[in-house]
Amino acid sequence: MNALPFLDLPIVQAPMASAATPELAAAVSKAGGLGSLGLGYTSPAAMRETIRATRRLTGAAFAVNLFLAPRTDAPDERLARANEILRPFRGALGIAQPELPHAPAPALDEQFGVVLEERPAVWSFTFGVPTPEMLEACKRSNIFTIGTATTVEEAVILRDAGVDAVCAQGYEAGGHRGTFLRDVGESLIGTLALVPQVVDAIDIPVVAAGGIGDGRGVAAVLALGACAAQIGSAFLLCDEAAVPAPYRRTLASPAAADTTLTAAFSGRTARAIRNRFTREMRDTVEIAPYPMQNDLTRDIRAASLERDSSDYLALWAGQAASLARAEPAAATVARLMHEASHAAKVAHAIAQK
């Protein structure tokens, strides 16, 4: 097991673009873990301010996460069909059917330029492999790189490209799947199966992600050879997370245990708590590609939030989301480590019998 040089504790807070804040990232980093900022949808100017706001809160290392998936253009007629499919949801919310959105996503090269300017300790990424020029620029700037893999093959490609560490993302993980080589359906490997295979296949640090909701999960993935556990859902109910009230209520309810994979919100497959939107869109195939579908559904999500309803929100969460607790982030980190220590002792005692 190779250690990450900036970690005091083997806890990495998942980027969670919709929920991570400077306050959350700073709290986790100050507690000894690695806080993360999910900035894949963020403009360069807003990225810069968010990174600087985090630095004002802590001098500890934290990560900046970006999406590498290129914007896929689609014919206007396909976008029009995808938009039309959403009409009943808008009708249920009492909002008008809009024209097709034309807001371009932030350009990756501009976003990456901010990473090089601001020089966070860690740049993490998902949906692909950076260019050799990007990775070389990070090495020159002493920025540690972590790529996301959902299969052993993806992990090997990331290692061969020159990344410093790999996050092995199991099937159980909440939010978007990091798959970039094959169809998502061919890349749904559970965390307990994926992590040891990735650890055996590459000679760089491996961070485990997916279904790690408490310290027992942390102890398990460390035993499998991971150097740290990346955890998202366990931080969603923390005081510092940007999780709106209807989302929080759902996380704190029995519904949190019922998640599904869906591309209906953004055009890319992601794990979310089931709600009216995921159920009624489940069999729909004519959706727009990522991130255009995200643009199309933005008004629906906003209207649902305005009505204090979780029916049409993207309730990103992993399969262990029901283990989350409402508490400060530092308390979550401390609890995870206490539970992990206890679980390791129990496992050791059993092994000695």
Side-chain angles (χ1 to χ4, degrees), residues 4-7 12-31 33-71 101-148 163-165 167 175-176 178 230 232 235-236 238-244 266 290-291 294-295 298 301-302 314 316 329:
L4 300 180
F6 40 78
L7 276 184
V12 176
Q13 169 237 317
M16 302 185 295
S18 62
T21 63
E23 291 77 15
L24 178 61
V28 172
S29 291
K30 286 194 289 187
L34 179 70
S36 303
L37 301 169
L39 302 181
Y41 295 118
T42 309
S43 70
M47 278 183 63
R48 188 174 289 105
E49 176 50 38
T50 302
I51 293 169
R52 292 179 181 180
T54 308
R55 281 214 175 97
R56 289 193 290 269
L57 295 171
T58 182
F62 60 88
V64 169
N65 180 272
L66 294 178
F67 299 150
L68 300 186
R71 187 179 181 93
H102 293 287
L108 176 61
D109 58 347
E110 295 178 4
Q111 292 178 312
F112 183 67
V114 175
V115 172
L116 292 183
E117 292 169 12
E118 296 297 327
R119 296 192 179 188
V122 180
W123 176 45
S124 64
F125 44 86
T126 190
F127 304 155
V129 183
T131 65
E133 292 77 16
M134 285 177 160
L135 291 173
E136 182 56 36
C138 286
K139 291 185 186 301
R140 289 196 304 268
S141 298
N142 199 30
I143 300 172
F144 194 92
T145 54
I146 304 177
T148 304
V163 303
D164 295 312
C167 177
H176 285 94
Q230 179 169 290
F235 287 107
L236 287 174
C238 287
D239 302 344
E240 301 89 344
V243 177
S266 71
Y290 173 88
N294 191 67
D295 298 338
R298 184 173 286 113
R301 288 177 278 128
W316 304 137

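Because the structure is predicted, anything quoted here is derived from the model rather than measured.
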Asks: If we ignore hydrogens and angles and just use 3.5 Å, is the side chain of Arg119 paired with the main-chain N or O of Cys138 as donor and acceptor?
Replies: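 Not a single qualifying donor-acceptor pair exists.
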Asks: Determine the minimum heavy-atom distance between Pro130 and Leu68, stating which atoms define it.
Replies: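 It is N-CD1, 3.5 Å.
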Asks: Counting only N and O atoms by type, is there a donor-acceptor contact under 3.5 Å from the side chain of Ser266 to the main-chain atoms of Pro291?
Replies: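 No; judged by distance alone, with no hydrogens or angles, the pair does not exist.
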Asks: Is the backbone of Pro15 close enough, under 3.5 Å, to the side chain of Asn65 for a donor and an acceptor to pair up by distance?
Replies: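 Not a single qualifying donor-acceptor pair exists.
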Asks: Please round to the nearest 0.5 Å and tell me the distance separating atom CE of Met47 and atom OH of Tyr41.
Replies: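 Separation between the atoms: 14.5 Å.
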Asks: Taking all non-hydrogen atoms of both residues into account, name the closest pair between Leu236 and Ala19 and its distance.
Replies: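 Minimum heavy-atom separation between Leu236 and Ala19: CD2-CB, 3.6 Å.
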Asks: Between atom OG of Ser36 and atom CD1 of Ile146, what is the distance when rounded to the nearest 0.5 Å?
Replies: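 If I round to the nearest 0.5 Å, the distance is 7.5 Å.
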Asks: For the side chain of Thr58 and the backbone of Ala60, is there at least one donor-acceptor N/O pair under 3.5 Å apart?
Replies: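 Yes: the side chain of Thr58 pairs with the backbone of Ala60.
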Asks: Answer yes or no: is there a side-chain heavy-atom contact under 4.5 Å between Val115 and Ile51?
Replies: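 The answer is no; the side chains never approach within 4.5 Å.
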Asks: Using the ring of each side chain (for Trp, its six-membered ring), is Phe112 parallel, tilted or perpendicular to Trp123, with breaks at 30° and 60°?
Replies: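 Because their plane-to-plane angle lies in the 30° to 60° range, the rings of Phe112 and Trp123 count as tilted.
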Asks: Has Gln13 got a side-chain atom pairing as donor or acceptor with Gly33's backbone, closer than 3.5 angstrom?
Replies: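 Answer holds: no.
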Asks: So, Phe6 versus Phe144, ring centres under 6.0 angstrom or not?
Replies: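 Between Phe6 and Phe144, the centre distance is under 6.0 Å.
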Asks: Between Leu24 and Cys238, which heavy-atom pair has the shortest distance, and what is it?
Replies: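 The answer is CD1-CB, 4.4 Å.
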Asks: How long is the straight-line distance from CG of Leu34 back to OG of Ser124, given to the nearest 0.5 Å?
Replies: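 Reported value, rounded in 0.5 Å steps: 8.0 Å.
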Asks: With the side chain counted from C-beta on, respond yes when Val28 and Phe62 share a heavy-atom pair under 4.5 Å apart, and no when they do not.
Replies: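 Not in contact.
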Asks: Could you check if a side-chain atom of Ile143 sits within less than 4.5 angstrom of a side-chain atom of Leu116, using non-hydrogen atoms only?
Replies: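 SC-SC contact between Ile143 and Leu116 confirmed.
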Asks: Using side-chain contact (heavy atoms from CB on, under 4.5 Å), reason through Leu66 and Leu108 one step at a time and then give a plain yes or no.
Replies: CA-CA 8 Å; Leu66 294 178; Leu108 176 61; 4.2 Å; yes
Asks: Kindly say whether Ser43 contributes a backbone atom to a donor-acceptor pair with the side chain of Arg48 at under 3.5 angstrom?
Replies: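 Absent.
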Asks: Just verifying a value: how many Å separate Thr42 OG1 and Phe67 CZ, rounded to the nearest 0.5 Å?
Replies: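 It comes to 8.5 Å.
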Asks: Taking all heavy atoms of Gly38 and all of Ala20, pick out the closest pair and write down the distance.
Replies: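 The answer is N-CB, 4.1 Å.
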Asks: Look up atom CH2 in Trp316 and atom CE in Met16, then write down how far apart they are to the nearest 0.5 Å.
Replies: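 Those atoms lie 14.0 Å apart.
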Asks: Can you list the steps and then say if Leu57 with Glu23 is a side-chain contact (heavy atoms from CB on, under 4.5 Å)?
Replies: CA-CA 7 Å; Leu57 295 171; Glu23 291 77 15; 4.1 Å; yes
Asks: Any heavy-atom pair between the side chains of Val12 and Leu7 that's under 4.5 Å?
Replies: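 The answer is yes; the side chains approach within 4.5 Å.
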Asks: Can any side-chain N or O of Thr54 pair as donor or acceptor with the backbone N or O of Thr50 at less than 3.5 Å?
Replies: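 A pair under 3.5 Å: yes.
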Asks: Mind checking side chain to side chain donor-acceptor pair (under 3.5 Å) for Glu49 and listing every partner two or more places apart, or none if nothing turns up?
Replies: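 Glu49 satisfies side chain to side chain donor-acceptor pair (under 3.5 Å) with Arg56 only.
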Asks: Does the pair Phe125 and Val163 meet the rule for a side-chain contact (heavy atoms from CB on, under 4.5 Å), with working shown?
Replies: CA-CA 10 Å; Phe125 44 86; Val163 303; 3.6 Å; yes
Asks: Answer yes or no: are there more than 12 heavy-atom neighbours, outside Asn142 itself, under 6.0 Å from its atom CG?
Replies: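 Atom CG in Asn142 is not packed in, count stays at 12 or less.
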Asks: Atom CG in Leu135, atom CZ in Arg140: separation rounded to 0.5 Å?
Replies: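 Going from the CG atom of Leu135 to the CZ atom of Arg140 covers 11.0 Å.
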Asks: Looking only at heavy atoms, which two atoms of Ala329 and Glu240 are closest? And how far apart?
Replies: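 Nearest pair, atom of Ala329 first, then Glu240: N-OE1, 3.0 Å.
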Asks: So Thr126 and His176, side-chain hydrogen bond (donor to acceptor under 3.5 Å, both in side chains) or not? Walk me through it.
Replies: CA-CA 9 Å; Thr126 190; His176 285 94; over 6 Å; no
